[in-house]
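Contents: one structure, followed by commentary.
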There are 2 protein chains.
Amino acid sequence: MERKEISQAVIGRLPRYYRYLGELMEGGVERISSNDLSKRMRVTASQIRQDLNNFGGFGQQGYGYNVKYLYTEIGKILGLDKNHNIIIIGVGNLGQALANYAAFESRGFILKGLFDVNPRLEGVAVRGVPIRMMDELKDFVINNDIEIAALTIPKSKAIEVAAMLVENGVKAIWNFAHTDLSLPEDVIVENVHLSESLMKLSYNVTRYREEHEEE
Amino acid sequence: MERKEISQAVIGRLPRYYRYLGELMEGGVERISSNDLSKRMRVTASQIRQDLNNFGGFGQQGYGYNVKYLYTEIGKILGLDKNHNIIIIGVGNLGQALANYAAFESRGFILKGLFDVNPRLEGVAVRGVPIRMMDELKDFVINNDIEIAALTIPKSKAIEVAAMLVENGVKAIWNFAHTDLSLPEDVIVENVHLSESLMKLSYNVTRYREEHEEE
DNA sequence: TAGATTGTTAATCGATTAACAATC
DNA sequence: TAGATTGTTAATCGATTAACAATC
């Protein structure tokens, strides 16, 4: 069923549409035109219409878009109407932050397991999920239909752990380790490199400082 | 001094170059050609040369690039040779994760302060920095030459806190709150929206699942 | 029906890749 | 010098914006 490839640029914007539509919905707004939405979001109306039309015609001429409907549809596109079993490897502050992230469950991400190397954490529960030791990881993945693994461990361990997870059926890695993972191309890797984000910020603030230094 | 604007696409790639060059340096590699680097990083050699030449000619024909030199130069471009005073607002798990991020100091980011609303955290120290209450924030920012503020607080508070920080001299916001901040355009905002990152992952894994469902 | 606004095609803009002369 | 590889210009590709006919 020939589906044209959708660029990651478009996909990267969908969650932001979803967020704005959610807020509009909360605010009781029933319909919105691409033009009104473009003003709120500070993007062009053209881009909104182009982006949405990659997935189908969700609007109606002369009316605009029904907020609730569009919100639901984008949710479906993002796969938020389905459940996704997720585990977190590495229960440091960052791993715990993710585990405590409340919106998880409401969006269909089911926290199935937490893993760490620190024996003092064994059995400690976060959000009702007990922390397990790494030697249980492989069997757990095999037996619990785990789709997504968040990796919040040092880069020295990340590569081998990721390989093992994928070998045992994990389909996607949410990678917080400061390294690239080279995995089979059917595995989804979503990187969150905080240090790189901070360096980008550093570049921009430094550039700005230089350009405006005058005495 | 007419400086041509450099696209965020290029800037976004610099930290990755920096990381690879750092690893090469650790590995004792002295020089590298754009071609060799392109193979490791899985980008085109052309892109590497184009990207670098936005900032100057760092290589030498017939030789390639000196790893150590290029690493240092990219560090300078990213502003990592200068100190940046940073504070963290919101000392939950995520705020603590950032505070504990060791590489901070080595890259010139000086953690000056931690702030939270929770009175039970008052005075508790993370990495030697005591947690302060929010009512001290304004004066602290004014008196401590704070350049960057990391916001790891709920979105309901983020907008007003950001506005106050900027009013009192903060130049850049590292924004982890699930909201857009509209601030004067001379303020740098670097967003890290974890939920949006997870939704992107969700989209990709869902798409893949659908495309390969056959029985 | 008239007005509004989409869906979609065409035009523009920017980013990536290819090619090659310059040069170490 | 010959070989290697950059820096840079030109060609291509893709993404964004503009325009407008279709239609609610």
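Values in this document were obtained by computation on a predicted structure and should not be read as measured data. Chain A is the first sequence line, chain B the second, and so forth, proteins listed ahead of strands; every chain is numbered from 1.
- Applying the side chain to side chain donor-acceptor pair (under 3.5 Å) test to pairs two or more places apart or on separate chains, those with a residue in residues 62-71 of chain B are B/Tyr18-B/Tyr71.
- One finds a salt bridge joining B/Asp51 and B/Arg13 here, because a Lys/Arg side-chain nitrogen approaches an Asp/Glu carboxylate oxygen to under 4.0 Å.
- With hydrogens and angles ignored, the 3.5 Å screen pairs a side-chain donor or acceptor of A/Asp116 with a backbone N or O of A/Val91.
- Inter-residue side-chain proximity for B/Leu70 and B/Ile74 is flagged as met; some heavy-atom pair is nearer than 4.5 Å.
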Pairing of DNA chain C as dot-bracket, 5' to 3': ( ) intra-strand, [ ] crossing, | other strand, . unpaired, with Watson-Crick or G-U pairs under 3.5 Å?
..||||||||||||||||||||||
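- Annotation: cation-pi pair B/Arg19/B/Tyr17 absent, no NZ/CZ under 6.0 Å from the ring centroid and within 45° of its normal.
- Salt bridge A/Lys171/A/Glu147: absent, no basic N to carboxylate O contact under 4.0 Å.
- Contacts with DNA chain D (heavy atom under 4.0 Å) in residues 34-52 of chain B: B/Ser34, B/Arg49, B/Gln50, listed by number.
- Here A/Arg31 lies out of heavy-atom contact (under 4.0 Å) with every strand.
- Nucleotides of DNA chain C that come within less than 4.0 Å of any heavy atom of chain B span, from the 5' end to the 3' end, C/dA15 to C/dC24.
- Partners of B/Met134 according to the side-chain contact (heavy atoms from CB on, under 4.5 Å) rule, which considers only residues two or more places apart in sequence or in another chain, are B/Ile89, B/Phe115, B/Val117, B/Leu137, B/Val161.
- In this structure, B/His193 and B/His178 have perpendicular ring planes: the angle between them is above 60°, well past the 30° mark.
- Taking the side-chain contact (heavy atoms from CB on, under 4.5 Å) definition, one finds that B/Ala172 meets it with A/Leu201, A/Val205, B/Ile148, B/Ile188, sequence neighbours left out.
- Between the side chains of A/Asn100 and B/Asn93, at least one donor N or O lies within less than 3.5 Å of an accepting N or O.
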